[in-house]
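Below, read A as the first sequence line, B as the second, and so on, with proteins coming before strands; counting in each chain starts at 1. Note that the coordinates shown come from a computational prediction; the quantities given were computed from them, not determined experimentally.
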Amino acid sequence: MKERISVIEGSMAVAEAIRACNPGVISAYPISPQTHIVEYISDFVADGTYKGRFVRVDSEFSAASAVHGASAGGARAYTASSSQGLLLMCEVLYNSASTRLPIVYTGVNRTISAPISIQPDHQDTMALRDTGMIQIHVESLQEAYDAHIQAFRIAEDEDVLLPVMICMDGWTLTHAFEPVKRFSDKDVKEFVGEYKPVQFLNPKNPITYGAFADEDKLMEFKYLMVQAHEKAKEKIVEVASEYKEKFGHYDGGLIDEYRTEDAEIIVLAMGSVVSTVRAAVDELRESGKKVGLVKIRSFRPFPKEAIIKACKNAKLLAVIDKSLSLDVGGILVSDVKTTFYNEDKKPLIASFIAGIGGKEINRKVVKDIVADAEEIAQKGKVEKDSIFVNLNTQFI
Amino acid sequence: MTETKKTLFASGHRACPGCGVPIAVRSILNATGSNVVVVSSTGCLETFSSPIDLSSWEVPWIHSVFENAPTVATGVLEALNSKGNPNNTKVVAICGDGATNDIGFGALSGMLERGDDVLYICYDNEAYMNTGVQTSGATPYGATTTTSPSGEYSFGRDRTKKDLCRIALEHGVKYVATASISDLKDLERKVKKGLEVEGSAYIQVLTTCNIGWGFDSSRAVEVARLAVETGVFPIYEYENGELTNVKKLKEKKAAKEYLSCQKRYKHLFADEEKNKEHLDYIEQLTVQNVTKYGILASK
Ligand SMILES: Cc1ncc(C[n+]2csc(CCOP(=O)(O)OP(=O)(O)O)c2C)c(N)n1
Ligand SMILES: [Mg+2]
């Protein structure tokens with residue numbers, strides 16, 4: 001196994017993973033902070049290291065449509081976007097998922113206007129939560145690299161056949177430089193395998209895509225997608241294990257647990273903030289506090305069983321949300337609450353809205369969150385629906 | 001028993017009796033043959049041809065959403081290209097006028113500008129028919145629809161039809177043509193020609209809608225023919241930007257003859273004096289067409 005460790009940019013890690021997986025068709029439209037990924041891929045086209053088709057289009061809506069057609073046409077297909085661009089894709093993304101097209105996307109997380117801003121939070125990919133796609137959040141550049149490679153295997157599995165979006169925080173991950181262990185294109189290709197579509201638009205075997213359904217069949221279509229999500233849970237874990245077998249390290253699965261065994265308070269979070277939480281947990285542990293961390297990797301399918309198993313003995317779960325369903329609160333926390341509602345044994349669940357529009361979440365902020373969480377745990381009652389962390393009260 | 005030629009667009013679909021669209025589609029597929037992938041937008045054609053398990057399409061066919069057929073077609077083409085397209089399979093889009101002129105206009109412009117090797121055929125029934133006859137950019141001057149009804153303060157649609165062929169030409173599209181269901185041989189020939197061209201080609205075919213236009217279901221072809229004979233819908237061909245072929249007329253019929261047989265124009269005739277200005281203007285538009293395209297056969 002040839003491997004290389006070097007310091008590269010997050011966008012390059014993604015671009016290299018994609019090139020190695022060799023999609024037949026890539027299409028994209030620029031938006032910060034997704035741009036570097038597309039620019040690197042364009043370089044690969046120019047220097048001949050990517051030999052597939054690259055389609056420059058008039059909008060993200062068209063990028064999503066081009067990969068939709070390409071995937072139905074029998075090619076492995078990839079696109080990436082952020083924020084406003086992901087919203088513009090939204091109609092097509094629902095359509096692609098329900099057409100069961102195994103497209104891989106990078107959702108470079110960035111907030112949604114107004115006010116316009118290019119800072120990261122999770123509102124954009126959250127808006128795509130119910131499209132039917134699989135959504136996996138990554139924490140590091142290494143994980144971004146690994147996850148993109150695994151994504152094609154998950155998406156293209158015959159029992160799954162759903163698009164997969166790898167969600168990664170804009171700037172914090174796309175523009176950061178970290179050591180990344182990469183493998184030769186040949187080895188990656190071997191792992192991903194040549195793309196053999198289950199069916200495609202083929203004149204020798206003509207089929208109809210995007211047919212019209214009446215009330216006797218439409219819900220059934222959606223139900224089949226629910227079953228595919230169940231299958232995907234197994235597949236995500238399986239592919240990560242196979243990845244470890246081939247490449248030597250495990251990076252994948254549904255959730256990651258960190259120091260949860262005896263934890264009284266467990267912080268749940270997604271994306272790059274997880275690294276910060278992990279460091280904060282270590283420091284808090286040193287001062288004798290029983291704090292742990294659960295990183296949610298797979299947001300859709302939602303790993304209910306794994307979360308229950310990891311968290312059921314805690315006193316309180318502190319869920320950090322970088323997105324918002326107005327008046328209800330955090331979106332991740334709603335799913336966590338739903339997960340426990342029918343359980344006999346359930347921890348208290350507190351919601352922390354943080355990092356919206358790029359507001360900083362450093363170790364101190366995490367420790368403040370844990371301090372608040374301890375107070376709530378002591379009271380034994382969650383009084384506030386959500387706590388907005390570090391609101392600039394002068395502005396309100 | 002007489003032998004029937006195998007059609008690639010099976011009967012038994014749900015189009016309204018008298019609809020002009022399946023007439024055009026059958027001819028289009030006659031011309032393309034089976035080595036083709038067809039892409040359609042949301043609209044009447046998609047709705048009446050594709051119920052699950054009852055698809056009329058005997059060729060591979062895909063519909064995604066209302067406004068993205070041009071780019072889905074590009075994607076299909078690039079998937080073929082990514083494998084070298086060894087059988088030289090063609091990609092054809094067949095989409096409504098609303099999809100083409102309005103909501104999918106940006107995507108179409110992108111496709112034409114890239115010059116993707118797709119034959120894009122707009123079936124033009126001059127309104128959003130699938131949703132119940134609302135005005136599109138292709139609805140002609142003076143016609144009523146449910147969103148431009150006539151009334152005390154309205155004479156129906158108050159803008160002229162968008163000239164999409166012109167716009168396609170401005171993109172440098174090498175083959176641009178119009179056709180009508182009143183001449184299916186001509187349509188088939190043009191489809192074949194459009195397929196031969198390397199790069200994008202654009203054909204706009206007039207497909208009547210007896211429900212939306214208001215005439216008897218037996219008269220589809222006749223009404224389409226009148227549109228041609230009055231100069232309302234000129235039939236022509238542009239190759240490499242040059243006008244190379246025009247369907248000539250021995251004489252031009254008056255626009256009135258076409259307008260007065262459809263309920264969508266009936267308000268104009270309820271008080272001809274009052275609407276003289278509009279009727280004259282429509283006639284003037286047809287005369288302009290005749291001059292512009294040299295439609296009258298020289299004696
Ligand atoms: C984004 C979106 N907006 C609106 C619609 C509703 N809609 C479906 S078909 C249609 C009209 C289609 O008109 P046209 O393209 O002319 O085709 P026709 O129905 O006349 O065949 C409309 C407005 C839709 N499906 N999607
Ligand atoms: Mg129409």
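Heavy atoms of B:Glu67 lying under 4.5 Å from chain A belong to its backbone as well as its side chain. With a threshold of 4.5 angstrom between heavy atoms, B:Val37 approaches chain A through side-chain atoms but not through N, CA, C or O. Residue A:Ser62 touches chain B through both its backbone and its side chain, counting heavy-atom pairs closer than 4.5 Å. For B:Asn87, the part lying near chain A is the side chain, with the backbone staying farther off; criterion is any non-hydrogen pair under 4.5 Å. For A:Thr208, the parts lying under 4.5 angstrom from a heavy atom of chain B are both the backbone and the side chain. Interface residue B:Ser34: only backbone heavy atoms are found under 4.5 Å from chain A. Contact of A:Tyr195 with chain B is not made at all, since no heavy-atom distance falls under 4.5 Å. Only the backbone of A:Asn202 comes within less than 4.5 Å of a heavy atom in chain B; its side chain stays farther off. The part of B:Thr74 that comes within reach of chain A is its side chain, from C-beta onward, which places non-hydrogen atoms under 4.5 angstrom from that chain. Only the side chain of A:Lys204 comes within contact range of chain B, with heavy atoms under 4.5 Å apart. Both the backbone and the side chain of B:Glu78 come within less than 4.5 Å of a heavy atom in chain A.
For the set B:Val38, B:Thr71, B:Leu80, the count of heavy-atom pairs under 4.5 angstrom toward chain A peaks at B:Thr71. Among B:Ser64, B:Ser109, B:Ser82, the residue making the largest number of heavy-atom pairs under 4.5 Å with chain A is B:Ser64. When each of A:Ala72, A:Ala213, A:Ala66, A:Ser65 is checked for heavy-atom pairs under 4.5 Å with chain B, A:Ser65 comes out on top. Comparing A:Val92, A:Leu201, A:Val55 by how many heavy-atom pairs each has under 4.5 Å with chain B, the most go to A:Leu201. Between chain B and the options A:Ser98, A:Ser71, A:Ala211, the largest number of non-hydrogen pairs under 4.5 Å is found for A:Ala211. When each of A:Gly74, A:Ser96, A:Gly69 is checked for heavy-atom pairs under 4.5 Å with chain B, A:Gly69 comes out on top. With respect to chain A, the highest number of heavy-atom pairs below 4.5 Å among B:Val91, B:Asp53, B:Ile52, B:Leu77 belongs to B:Ile52.
The environment of CZ in B:Phe48 is crowded: more than 12 heavy-atom neighbours from other residues, nucleotides or ligands sit within 6.0 Å. Applying the 6.0 Å contact sphere to CZ of A:Arg56 captures no more than 12 heavy atoms from other residues, nucleotides or ligands. Counting non-hydrogen atoms of neighbouring residues, nucleotides and ligands closer than 6.0 angstrom, the NZ atom of A:Lys231 reaches no more than 12 such neighbours.
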Task: salt bridge (charged side-chain N to carboxylate O under 4.0 Å, His left out) between A:Asp157 and A:Arg153, worked out - done: CA-CA 6 Å; A:Asp157 186 88; A:Arg153 285 284 303 275; over 6 Å; no

Task: Verdict with reasoning, B:Arg14 to A:Asp214, per salt bridge (charged side-chain N to carboxylate O under 4.0 Å, His left out) - done: CA-CA 13 Å; B:Arg14 300 178 177 178; A:Asp214 278 320; 3.6 Å; yes

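A:Arg300 is not listed as a side-chain neighbour of A:Met165, based on a closest heavy-atom distance of 4.5 Å or more. Two residues are said to be in side-chain contact when any heavy atoms from C-beta on lie closer than 4.5 Å; A:Val239 and A:Phe191 meet this criterion. Looking only at side-chain heavy atoms (C-beta outward), A:Ile31 and A:Thr35 stay at 4.5 Å or farther from each other.
For the pair B:His171 (side chain) and B:Ile167 (backbone), a donor-acceptor distance under 3.5 Å is present.
Aromatic rings of A:Phe152 and A:His148 (six-membered ring for Trp) have centroids beyond the 6.0 Å cut-off, not under it.
Screening B:Ser56, B:Ser49, B:Ser40 for a side chain to side chain donor-acceptor pair (under 3.5 Å) with B:Trp61, the sole residue that qualifies is B:Ser40.
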